[in-house]
A.B. asks: 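The following block contains the structure, expressed as structure tokens.
Whatever order the structure lists ligands and atoms in, that order sets their numbers, starting from 1.
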Amino acid sequence: MSDVDPRLRAHFRIGEPSDERFVEAAFELVLRRPPDPDAREIALSRFADGTLSRAALLHDLVTAPEFDRVRQLDDVIALARGARKRGERPRHLQAPPGTDERLVEVPWVLSRLRSGRVLEVGYAFAEPAYLAGLVEAAPGELVGVDLAVAEVPGFETVAADARELPFPDRSFDQILLVSTLEHIGADNELYGSQAAPDANGREAALGELRRVLRPDGSLLVTVPLGEPGDHGSFRQDDISGWTQLLTRAGYFVEEQEAYELGDEGWRSAPTFEARGVMYGTRGPAASAVLCLELSPRRLRRLVSPDGVRRTARRRLGPRYRRLRGV
Ligand SMILES: C[S@@+](CC[C@H](N)C(=O)[O-])C[C@H]1O[C@@H](n2cnc3c(N)ncnc32)[C@H](O)[C@@H]1O
């Protein structure tokens, strides 16, 4: 067999599987999903009557608009993989016009992934490509928590409320919230939850996340940016709204980057102005997004003059006020 023309061998190999198996494999390879029943039936009957070849099916799948999304996600996950390998933290990411914010959020977060025990909050409806990217990155241990339940091979999945987590103190090295914080305490009927709206839900969840994060741990958060407002199923805020919420909850902003969707596509927006930036008016979802890396503020609060004052006030109570003469 070693003398056989390798091109001929490839033809034999592609001809080997049954039509059913080929259709299945082509959809999984190109669109990363099985064919829906109608598409499977049409392809099989056209294979049978000779109006569709195997090459033509592959061409149709690769040129379908659905493949654009597969390609865009694959590209950003590859970018993050390369950045992690080189120890880089990419900024100034770009994505095409008319796309959603995941094309910026996913590489921003995946490239900053740490090793250790990682908690993904709100994983149940995440892009399969992102979840597979997390598993492939193999940080150590991956735990997913959500009000909804979903099986993810490679994850330990836990159905729980981020406002009341069933984990011990200081048990995670990193926590990820990709477009999730804005939904906590909001109307989550869309995701199958009947929980009553809770105006303090985000604060409560941030407190819990701080409790379960190790003191040297990191919290990666992405949230929709623009004119502040309650959209029922989520809340959008401007930069100062988000950073005040996070710093009030006891986090220190280690890094932040705003992105905005314009005519050219997604671009970094160092001078972002929230006025007139409305959700869903420039693309399918957010018109701008804020990506942040945060750390718990325990140490910094203690060593800053303000932190020393606050700690003394807490520890000494009325004696502190007497000492200060207030
Ligand atoms: C927009 S989806 C998150 C998107 C996802 N992270 C991604 O990467 O595409 C919001 C998720 O947050 C979850 N969620 C909302 N409130 C929650 C809470 N209090 N505790 C845990 N999960 C919550 C919802 O069930 C839903 O899965």
A.B. asks: In chain order, what residues pass the salt bridge (charged side-chain N to carboxylate O under 4.0 Å, His left out) check against Asp230, with sequence neighbours excluded?
C.D. replies: none

A.B. asks: Please output the side-chain donor-acceptor pairs of residues 92-99 that fall under 3.5 Å, not counting sequence neighbours, one pair per line with the distance.
C.D. replies:
{"from": "Thr99", "atom 1": "OG1", "to": "Pro96", "atom 2": "O", "distance (Å)": "2.6"}
{"from": "Thr99", "atom 1": "OG1", "to": "Trp266", "atom 2": "NE1", "distance (Å)": "3.4"}

A.B. asks: Hey, what polar pairs (N/O, under 3.5 Å) does ligand 1 make with protein?
C.D. replies:
{"from": "ligand 1", "atom 1": "6 (N)", "to": "Gly122", "atom 2": "O", "distance (Å)": "2.9"}
{"from": "ligand 1", "atom 1": "6 (N)", "to": "Val178", "atom 2": "O", "distance (Å)": "2.8"}
{"from": "ligand 1", "atom 1": "6 (N)", "to": "Thr180", "atom 2": "OG1", "distance (Å)": "3.3"}
{"from": "ligand 1", "atom 1": "9 (O)", "to": "Arg102", "atom 2": "NE", "distance (Å)": "2.8"}
{"from": "ligand 1", "atom 1": "9 (O)", "to": "Arg102", "atom 2": "NH2", "distance (Å)": "3.1"}
{"from": "ligand 1", "atom 1": "16 (N)", "to": "Asn188", "atom 2": "ND2", "distance (Å)": "3.4"}
{"from": "ligand 1", "atom 1": "19 (N)", "to": "Asp161", "atom 2": "OD1", "distance (Å)": "2.9"}
{"from": "ligand 1", "atom 1": "20 (N)", "to": "Ala162", "atom 2": "N", "distance (Å)": "2.9"}
{"from": "ligand 1", "atom 1": "22 (N)", "to": "Leu147", "atom 2": "N", "distance (Å)": "3.4"}
{"from": "ligand 1", "atom 1": "25 (O)", "to": "Asp146", "atom 2": "OD1", "distance (Å)": "2.6"}
{"from": "ligand 1", "atom 1": "27 (O)", "to": "Asp146", "atom 2": "OD1", "distance (Å)": "3.3"}
{"from": "ligand 1", "atom 1": "27 (O)", "to": "Asp146", "atom 2": "OD2", "distance (Å)": "2.7"}

A.B. asks: Which residues pass the salt bridge (charged side-chain N to carboxylate O under 4.0 Å, His left out) test with Asp187, not counting sequence neighbours?
C.D. replies: none

A.B. asks: Answer yes if the side chains of Glu189 and Tyr191 hold a donor-acceptor pair under 3.5 Å, and no otherwise.
C.D. replies: no

A.B. asks: Is the backbone of Met278 close enough, under 3.5 Å, to the side chain of Ser287 for a donor and an acceptor to pair up by distance?
C.D. replies: yes

A.B. asks: State whether Arg102 and Glu105 are salt-bridged, where the test is any N-O pair (Lys NZ or Arg NE/NH1/NH2 against Asp/Glu carboxylate O) under 4.0 Å.
C.D. replies: yes

